[in-house]
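Keep in mind the model is a prediction, meaning the values are calculated, not measured. Chain letters run A, B, ... following the sequence lines, proteins first, then strands; residues in each count from 1.
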Number of protein chains: 2
Amino acid sequence: MFDILRQYIEQMTASALPEEEVQLIRNSFTEKKLRRKQFLLHEGTVCKYMSFVVKGAMRLYSIDEKGNEHVVRFGLEGWWMSDRESFTMLTPSRYNIDAIEDCDLLIITNEALTRLRHASPAMTCLSLVLDERHYFATQKRIESSISYTAEEKVLHLMNTYPQFLQRLPQNMVASYLGLTPETLSRIRKQIQAK
Amino acid sequence: MFDILRQYIEQMTASALPEEEVQLIRNSFTEKKLRRKQFLLHEGTVCKYMSFVVKGAMRLYSIDEKGNEHVVRFGLEGWWMSDRESFTMLTPSRYNIDAIEDCDLLIITNEALTRLRHASPAMTCLSLVLDERHYFATQKRIESSISYTAEEKVLHLMNTYPQFLQRLPQNMVASYLGLTPETLSRIRKQIQAK
DNA sequence: TAATCGGGATGATATAGATCAAGTGAAAGG
DNA sequence: CCTTTCACTTGATCTATATCATCCCGATTA
């Protein structure tokens, strides 16, 4: 399980990890399995773990006063999941994280991550690279949410993350796009027809 | 002008800058004044500068095929402005940045910033702090854009950035929220009536 | 003193997308 | 194996917001 993370880090930082650093990193993470529908984070609690998704699919979502769920983000293989604000600031989260499919995770506490960042140059580098990519991706997502029609949003998603529509429940993808499931269903049909 | 940046850095990193580092930082930035409606970045060109807004107001926006402008982000005093993806990757930008009011800026090139980050611990720390804050802020903005009604979006903006509605043209704020100027105008009236 | 212009307000109307409701098929769970 | 649930589709209707068209006002500019 850890080998996947190791490969991932070497790829993202474009450098081989010295054996010493591999051990350091390995010892900082814990394996965790989550069954479908199990929670990694409950609203109102502090997000104790940052988790690396080795296998499976997760989502981070909020629930409004009317009880509607709003999917803010998905996590598939090779993605990180946590409510970063809660994780970093140790404040109670307004979000939930649960497993959409059975998951294999590698989790790390805030404390361990902080220590690791100081001890491992590769982890420092990884953080920078990920923050940068996240910045680019969210800017595009914001732009699409303020400028695009529903159909454009779906087409854009099909280009950016084609896996989402193939793999994840459509009602969750609809929520992620800020649409209703009915609208997403109709628009897909419409797109298909071309 | 530079003193503002210095204070800002000391505040954000919660530590006093040694004089040597102050000089290093000062020498990395250039002063630039921009008159209202002048551009810092034109779509199709590479974003050469990251700029710190000492005074004034700017916006980063895209233009769609129909010629509509979409404001992705504003920059007021104490904010940074650039198309980070273009700035970092040296790729042509799809965005424009121009001045909404006359601006005083401190600008830095990618090369100088990279050098500075290596030479100045404070700048390294600043980058981390800013990335983190940006992460928190964009997650909330995405959540609001997928979950809120128009009225909720306006109320949320009034809580988060009350300056925007007082200081910036309403049509630009509407665009930032993904609404039409007419809708924003009506909703404000409606909110006022309570 | 106009004449112009850009931002904002407001009314009338149109429409994209939401909501409500029903039916279907597949899969989860006892 | 049944049966209960859930995701998805489709149709009918509703409504929030967009669009279109004027009008207004204050700030430039001629």
Quiz prompt | Under-4.0 Å side-chain N/O to phosphate OP1/OP2 contact, B:T180 with D:dA18 | solution = yes

Quiz item: Donor-acceptor pair under 3.5 Å: do we get one between B:R186's side chain and the base of D:dT19?
Solution: yes

Quiz item: When you measure from the centre of the six-membered ring of B:Y176, is the NZ or CZ of B:R141 under 6.0 Å away and within 45° of the axis?
Solution: yes

Quiz item: Considering heavy-atom distances to DNA chain C, does A:I187 or B:M172 have its closest nucleotide positioned more toward the 5' end?
Solution: B:M172

Quiz item: With no angle test and no hydrogens, is the base of D:dC8 tied to the side chain of A:E182 by a donor-acceptor pair under 3.5 Å?
Solution: no

Quiz prompt | Of the listed nucleotides D:dC8, D:dA18, C:dG7, the one nearest the side chain of B:T183 | solution = D:dA18

Quiz item: Whole Å only: how far is the CD atom of A:E101 from the P atom of C:dA28?
Solution: 11 Å

Quiz item: Given atom OH of A:Y148 and atom C1' of D:dT17, what is their separation to the nearest angstrom?
Solution: 21 Å

Quiz prompt | Rounded distance in Å - CZ (A:R36) to P (C:dA27) | solution = 12 Å

Quiz item: Should A:Q170 be listed as having a side-chain N or O under 4.0 Å from OP1 or OP2 of D:dC6?
Solution: no

Practice problem: Identify which one of A:K33, A:R35, A:K37, A:R167 satisfies the salt bridge (Lys or Arg N to Asp or Glu O under 4.0 Å) criterion when paired with A:E101. | Solution: A:R167

Quiz item: Does A:R84 come within less than 4.0 Å of A:D131, counting only side-chain N to carboxylate O?
Solution: yes

Practice problem: Report yes if at least one side-chain N or O of B:K189 is closer than 4.0 Å to OP1 or OP2 of C:dA9; otherwise report no. | Solution: no

Quiz item: D:dC6 phosphate, OP1 or OP2: any side-chain N/O from A:N171 under 4.0 angstrom?
Solution: no

Quiz item: How close or far is atom P of D:dT15 from atom CD of B:E151, stated in whole angstroms?
Solution: 17 Å

Quiz item: A:Y61 ring centre to A:R59 NZ or CZ under 6.0 Å, with the angle to the axis within 45°?
Solution: yes

